[in-house]
There are 2 protein chains.
Amino acid sequence: MDGHAGIYCPSVRQIADSTVRRLSLYLRFLEELDGRRTTTVSSEALARLGGTTSAQVRKDLSLFGSFGTRGLGYAVSDLIEVLRDILGLDREWRVAIVGAGKIGLALANYGGFRQRGFRVVAVYDNDPAKIGGLWDGHHVRDVATMAGDVARERPDIAVVTVPAGSAQATADIIVSSGIKGILNFAPVKLRVPAGVTVRAVSMATELELLSYALAQRGLGAKGQA
Amino acid sequence: MDGHAGIYCPSVRQIADSTVRRLSLYLRFLEELDGRRTTTVSSEALARLGGTTSAQVRKDLSLFGSFGTRGLGYAVSDLIEVLRDILGLDREWRVAIVGAGKIGLALANYGGFRQRGFRVVAVYDNDPAKIGGLWDGHHVRDVATMAGDVARERPDIAVVTVPAGSAQATADIIVSSGIKGILNFAPVKLRVPAGVTVRAVSMATELELLSYALAQRGLGAKGQA
DNA sequence: TGTTGTGAAGAGGTTCACAGCG
DNA sequence: CGCTGTGAACCTCTTCACAACA
């Protein structure tokens with residue numbers, strides 16, 4: 001055990017999503033800076049990299065503590081450790097992938113996945129054609145057996161990469177098996193009880209936001225045939 | 001030409017991302033309701049489906065016009081058409097995929113992609129091993145030839161599914177070739193000139209938001225070994 | 001009567017500006 | 001002197017409450 005989880009308690013109860021999103025961004029920049037042997041960084045420099053303002057950077061960090069040195073800035077390697085701790089990346093997260101399809105595969109093969117401490121411990125599907133087969137080195141199991149496996153393998157997070165139509169039913173199985181975190185790739189809003197956290201990666205929504213932006217842009221100027 | 005693009009001009013100049021995101025969600029629910037032959041829906045019902053409030057639904061829609069009937073609600077099929085129009089889904093979007101890998105494949109095979117009017121017109125990569133090969137029915141071309149193709153094939157949107165390290169360079173090529181919309185799957189913040197819209201699908205960030213939420217949750221109660 | 005559309009009030013996040021320190 | 005940390009002002013989005021109306 002590392003025993004230092006929760007050193008950086010926010011003074012305020014609830015931290016905004018937008019803040020955590022930026023912390024995650026800062027961390028990526030800091031790791032890049034660290035790779036270039038940069039030892040110190042100012043809020044101004046971090047802000048430029050992240051497309052925000054120096055005040056925003058300082059405010060974001062100050063919600064969790066005082067990590068900088070006045071007149072100097074932030075020590076890159078220290079801040080990396082702090083942010084990893086805050087974001088919960090100082091430990092391993094055990095992940096079950098539900099839906100042995102292409103999206104899950106893309107995620108599992110995404111370099112940052114393993115590197116950030118996310119480890120696939122089980123893969124499920126409900127398609128008899130897939131069950132028993134191999135998927136990225138894992139045997140695909142029947143989703144019906146999930147609840148029984150959880151006690152043994154203790155996954156922390158379930159990744160839902162099933163079609164929209166079966167996403168809610170899948171989420172229900174996941175919830176009832178006791179998993180408290182869900183990363184949802186299906187283009188539906190999952191309904192879960194309090195105490196379970198859902199995050200959605202919404203390709204459909206982002207595409208539509210893009211479509212909206214482009215359509216708006218076309219109004220004033222050209223409006224292509 | 002359909003000629004009715006831009007009927008629904010927002011009274012305010014700038015619509016919030018969060019609003020457009022909800023419109024996209026409403027549209028999905030409306031299509032589901034339409035499939036069940038439901039003809040009318042109240043803001044209250046839409047709100048329940050989308051996890052928001054009726055006032056929010058009405059406010060969101062009222063930014064673009066008055067589409068409901070007092071005492072009755074909204075006509076499902078009419079509202080579907082209105083939202084499709086607002087979101088720019090009443091036309092075809094020509095898409096170039098840059099990075100012939102697994103994520104792009106997952107996206108291209110996602111049902112809603114074609115169905116919502118997004119059509120892949122070209123696939124690029126910079127890996128000589130992939131160039132010339134077949135990818136989901138498309139010949140993979142050298143990304144260096146992109147600028148020349150754009151004049152002929154007029155893609156509206158480029159999907160960036162290359163590794164983080166080459167994402168910015170790829171975006172630069174895309175921008176200089178004249179494409180105005182980018183859907184970015186790489187875990188980096190793309191820097192583009194004004195006039196180009198970027199949307200990011202960030203698996204890394206959402207994973208970290210999930211990790212943060214779970215880590216926080218562990219503090220008060222159990223704090224697993 | 002039932003539900004929309006909307007001004008006004010409220011909440012929450014961002015920006016400002018400067019005191020506080022190294 | 002430079003840069004952080006932070007209360008206060010600002011602004012934007014959300015919620016409320018009710019008039020308007022089919």
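Naming convention: chains lettered A, B, ... in sequence-line order (proteins, then strands); numbering from 1 in each chain.
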*Asks:* Quick one: how far along DNA chain D does chain A reach, first to last nucleotide 5' to 3', anything under 4.0 Å to a heavy atom?
*Replies:* D:dG2 to D:dA8
*Asks:* State, with a plain yes or no, whether a side-chain heavy atom of B:Ile15 is found less than 4.5 Å away from one of A:Gln216.
*Replies:*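 No, side chains not in contact.
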*Asks:* Can you name the side-chain contact (heavy atoms from CB on, under 4.5 Å) partners of A:Asp78, sequence neighbours left out?
*Replies:*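 Checked A:Asp78 against side-chain contact (heavy atoms from CB on, under 4.5 Å); matches are A:Ala75.
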*Asks:* Taking C-beta and beyond as the side chain, do A:Leu207 and B:Val201 meet within less than 4.5 Å on heavy atoms?
*Replies:* no
*Asks:* Residues two or more places apart in sequence or in another chain: which of them pass ring-ring contact (aromatic ring centres under 6.0 Å, His included) with A:Tyr110?
*Replies:*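 So A:Tyr110 forms no ring-ring contact (aromatic ring centres under 6.0 Å, His included) with any residue.
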*Asks:* Please list, chain by chain and in numerical order, all residues satisfying salt bridge (Lys or Arg N to Asp or Glu O under 4.0 Å) with B:Arg48, sequence neighbours excluded.
*Replies:* B:Glu44
*Asks:* Measuring only between side-chain heavy atoms, which start at C-beta, is B:Met203 closer than 4.5 Å to A:Phe185?
*Replies:* yes
*Asks:* Hey, are the side chains of A:Tyr124 and A:Ile173 touching, using non-hydrogen atoms and a 4.5 Å cut-off?
*Replies:* no
*Asks:* Can you confirm whether A:Asp17 sits close enough to A:Arg199 that some side-chain heavy atom of one is under 4.5 Å from a side-chain heavy atom of the other?
*Replies:*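 With C-beta onward as the side chain, the pair touches.
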*Asks:* Once each nucleotide of nucleotides 13-19 of chain C is scored for protein heavy atoms under 4.0 Å, what B/S/- sequence comes out, 5' to 3'?
*Replies:* SSBBB-B
*Asks:* Within the structure provided, determine whether B:Leu23 and B:Ile86 are in side-chain contact (heavy-atom separation under 4.5 Å).
*Replies:* yes
*Asks:* Under 4.0 Å, heavy atom to any atom of DNA chain C: which of residues 31-47 of chain B qualify?
*Replies:* B:Ser42, B:Ser43
*Asks:* Would you sort out whether B:Arg22 and B:Thr52 count as a side chain to side chain donor-acceptor pair (under 3.5 Å), showing the intermediate values?
*Replies:* CA-CA 9 Å; B:Arg22 283 190 300 269; B:Thr52 179; 5.1 Å; no
